[in-house]
Amino acid sequence: MTINGWIQIALFVAIIIAITTPVGAVLAAIAEGRHTVLTPVLGPVERGLYRLGGIDPAREQSWIGYAVSMLAFKLAGFILLYAVLRLHGWLPFNPAGQPAVPPDLSFNTAVSFLTNTNWQSYGGETTMSYFSQMAGLTVQNFLSAAAGIAIAMAFVRGFARRSAGTIGNFWADLVRITLYVLLPFSLVIALVFVWQGVPQTLGPSIDATTLEGAGQTIALGPVASQEAIKLLGTNGGGFFNANSAHPFENPTALTNLIQLVAIFTLGAGLTAMFGRMVGDRRQGWAVFTAMGLLFLAGVAIAYWSEAQGNPLLTALGVDPSQGNMEGKEVRFGAALSALFATVTTDASCGAVNAMHESFLPLGGAVPLVNMMLGEIIYGGVGSGLYGFLLFAIVAVFVAGLMVGRTPEYLGKKIEAKEVKMTMLAILCLPLAMLGFTAVAVVLPGPVAAISASGPHGFTEALYAYVSGAANNGSAFAGLSANTLWWNTSLGFDMLIGRFFVIIPALAIAGSLAAKKTVPPSSGTFPTDGPLFVLLVAGVILIVGGLTFFPALALGPIVEHLAMVAGTTW
């Protein structure tokens, strides 16, 4: 570890802190239906979209109506994207003549992008046409991100409203988020990327001759536009197979910094939105701080691990002073590699893809733990906030039991219904992650797709299902996932991880919105200070440890001990 490495990490943290409040102000204005700085320009477009879709933005929905609208929208998105992937061989903008995507891979990809997971069992430049990339995948990058933010807004309204039977209008939220946040932010980022050298063209690939005289095809395409929303919407799903490790997706140190900041921008801003909507900005900063402590702990562990160098290579005479750079990008170094891996798995964005395979066991355990906890550290857009608040409900429930008082959070009594729905949302993740892994590692077909043996091979399978259920989309490169079993099982894994959390969260929002606010008293547990921050962080680690520690012990920890002992698997 070096001073320069820590300075780079500190600079990133400072930027995130600086932008959280203004981004949160914009998101709160959208959630509350107020004007923004872009309303004079985009207001007519917004109203036109309402008329075109037959939407009355003033007509709010109950939590059931909100959930049904969301599910209907997702079903329609799945059908359209599946059709695009199956038919793109006959559709325009296909200069490479890519054939139709096979049925099982189309199912996996369509589910992946509509759930904001963006798991890729394919190489983008060798599988997708420009039409599929633009009209299929990029569109879902916008819409899945907008839907996630909409769910978070609806969830926060449950805390902010009193004696209300509604939590907002899904269609109005979707339009406003896309129009006033995702599109303008993505446009600016895409233009900067083009300026830095990211391709944005409909022209065909280029055939070149290497210095050795061999032929090479250099893939191009509309990369910058997809890359911008991939990062801002914490989607993952890069244009190229190597994702942001590819120089056309991430060509310079500036684009690397912008990508890191973009991934955390909306997730961090949602914490400030939360504080504004509930009428107490300290609540938002308490959530931000708790997330920040867990984030910094993860970065420190990953950086320490990767800075040590691989002991097996050191024994062969390789200088460990530069850290474990096998499989990493030398241009960014160990510090930014650790930061990128931590950020992308905190924030539900599989943007580095195969790089996780090259991490040392404990360094690789950090992304794994982040995803096991449901990506609640700033997290995927929307899912990070409502996932964290589910743990906050557990924390205040525990605090209430300790003092023999009915638990409260932001003046709302937390009763049996909320606790049951919370536990359903939290426990569905380990059920899917560990259940699918257990089946995969004992069946000959799935095991044949795993490149490694022993604990590392187990972690390849575990990481895949953890990434899918956590809606992250990153992967260990050693897993050959483009098979019928992996495409299908990961598809259902992603559906469970997304909708078995969203539906209970909306039910909690509806229940809380209908309640009256209880005035604080001397027995009210403070939720805007350091005690709350430590309690929630502790509950998160305890719940995560109880549900996932056996799986972790079988993988990264055992592998680390073996590596230190100088043995291989």
Side-chain angles (χ1 to χ4, degrees), residues 16 20 115-117 145 148-149 151-153 155-156 159 234 263-275 283-299 301 341-350 365-398 409 421-430 432-433 466-474 496-498 500-502 504-505 508-509 527 532-548:
I16 296 301
T20 293
T115 59
N116 199 235
T117 308
I149 298 174
I151 300 299
M153 289 179 173
F155 193 73
V156 175
F159 290 101
T234 66
I263 292 170
F264 264 19
T265 293
L266 296 180
L270 283 167
T271 64
M273 180 203 78
F274 170 68
Q283 300 288 344
W285 283 113
V287 172
F288 180 94
T289 303
M291 291 180 177
L293 288 177
L294 295 171
F295 165 70
L296 291 174
V299 170
I301 293 171
T342 307
V343 167
T344 55
T345 50
D346 279 337
S348 188
C349 184
V366 171
L368 197 58
V369 170
N370 288 342
M371 295 187 296
M372 283 178 168
L373 297 177
E375 312 242 290
I376 47 97
I377 307 174
Y378 305 111
V381 284
S383 62
L385 179 62
Y386 62 71
F388 181 91
L389 292 177
L390 291 173
F391 278 104
I393 289 174
V394 175
V396 297
F397 178 72
V398 170
Y409 189 32
M421 289 294 102
T422 298
M423 295 314 298
L424 173 61
I426 290 176
L427 294 179
C428 76
L429 293 178
M433 295 170 181
V466 169
S467 175
N471 304 131
N472 176 268
S474 63
I496 293 171
R498 189 66 164 178
F500 278 48
V501 176
I502 285 178
I508 293 169
T527 57
F532 173 74
V533 169
L534 295 176
L535 177 63
V536 177
V539 165
I540 290 170
L541 294 177
I542 290 171
V543 172
L546 291 175
T547 53
F548 289 115

Participant: Could you grab the distance from atom CE of M273 to atom CD1 of I149, nearest 0.5 Å is fine?
Facilitator: 9.0 Å
Participant: F388: what forms a ring-ring contact (aromatic ring centres under 6.0 Å, His included) with it, not counting sequence neighbours?
Facilitator: none
Participant: What distance separates L429 CG from L373 CG, expressed to the nearest 0.5 Å?
Facilitator: 9.5 Å
Participant: Y409 and A392: which non-hydrogen atoms are nearest, and at how many Å?
Facilitator: CE2-CB, 3.9 Å
Participant: From the options L389, I508, L427, select the one residue that forms a side-chain contact (heavy atoms from CB on, under 4.5 Å) with T422.
Facilitator: I508
Participant: Give me the ring orientation class for F274 and F159: parallel if the planes are under 30° apart, tilted from 30 to 60°, perpendicular past 60°.
Facilitator: perpendicular
Participant: Could you tell me which non-hydrogen atom of V366 sits nearest to which non-hydrogen atom of G298, and how far apart they are?
Facilitator: CG1-O, 3.5 Å
Participant: Does the side chain of N116 come within less than 4.5 Å of R498's, by heavy atoms?
Facilitator: yes
Participant: Check the pair N471 / E375 against side-chain contact (heavy atoms from CB on, under 4.5 Å), numbers first and verdict last.
Facilitator: CA-CA 8 Å; N471 304 131; E375 312 242 290; 5.7 Å; no
Participant: Listed by chain and number, what are the side chain to side chain donor-acceptor pair (under 3.5 Å) partners of T271, not counting sequence neighbours?
Facilitator: none
Participant: Checking Y378 side chain against F288 main chain: does a donor-acceptor pair fall under 3.5 Å?
Facilitator: yes
Participant: Check whether any side-chain heavy atom of S383 lies under 4.5 Å from a side-chain heavy atom of I151, and answer yes or no.
Facilitator: no
Participant: Locate the shortest heavy-atom distance separating I496 from A432; write the atom from each residue and the value.
Facilitator: CG2-CB, 3.9 Å
Participant: Can you tell me how far the CZ atom of F295 sits from the CD1 atom of I377, to the nearest 0.5 Å?
Facilitator: 8.5 Å
Participant: Taking only residues two or more places apart in sequence or in another chain, which ones pass side chain to side chain donor-acceptor pair (under 3.5 Å) with S467?
Facilitator: none
Participant: Looking only at non-hydrogen atoms, find the nearest pair between T115 and T117 and report the distance.
Facilitator: OG1-OG1, 2.7 Å
Participant: Kindly determine whether T20 and F264 satisfy side-chain contact (heavy atoms from CB on, under 4.5 Å), including the steps that lead there.
Facilitator: CA-CA 9 Å; T20 293; F264 264 19; over 6 Å; no
Participant: State, to 0.1 Å, how close T527 and F532 come at their nearest heavy-atom pair, and which atoms those are.
Facilitator: O-CD2, 3.3 Å
Participant: Is there side-chain contact between L266 and T234, with at least one heavy-atom pair below 4.5 Å?
Facilitator: no
Participant: To check you understand the geometry: which heavy-atom pair defines the closest contact between V501 and C428, and what is its length?
Facilitator: CG2-SG, 3.7 Å
Participant: Among N370, L294, L390, L385, which residue meets the side-chain contact (heavy atoms from CB on, under 4.5 Å) test with I376?
Facilitator: L294
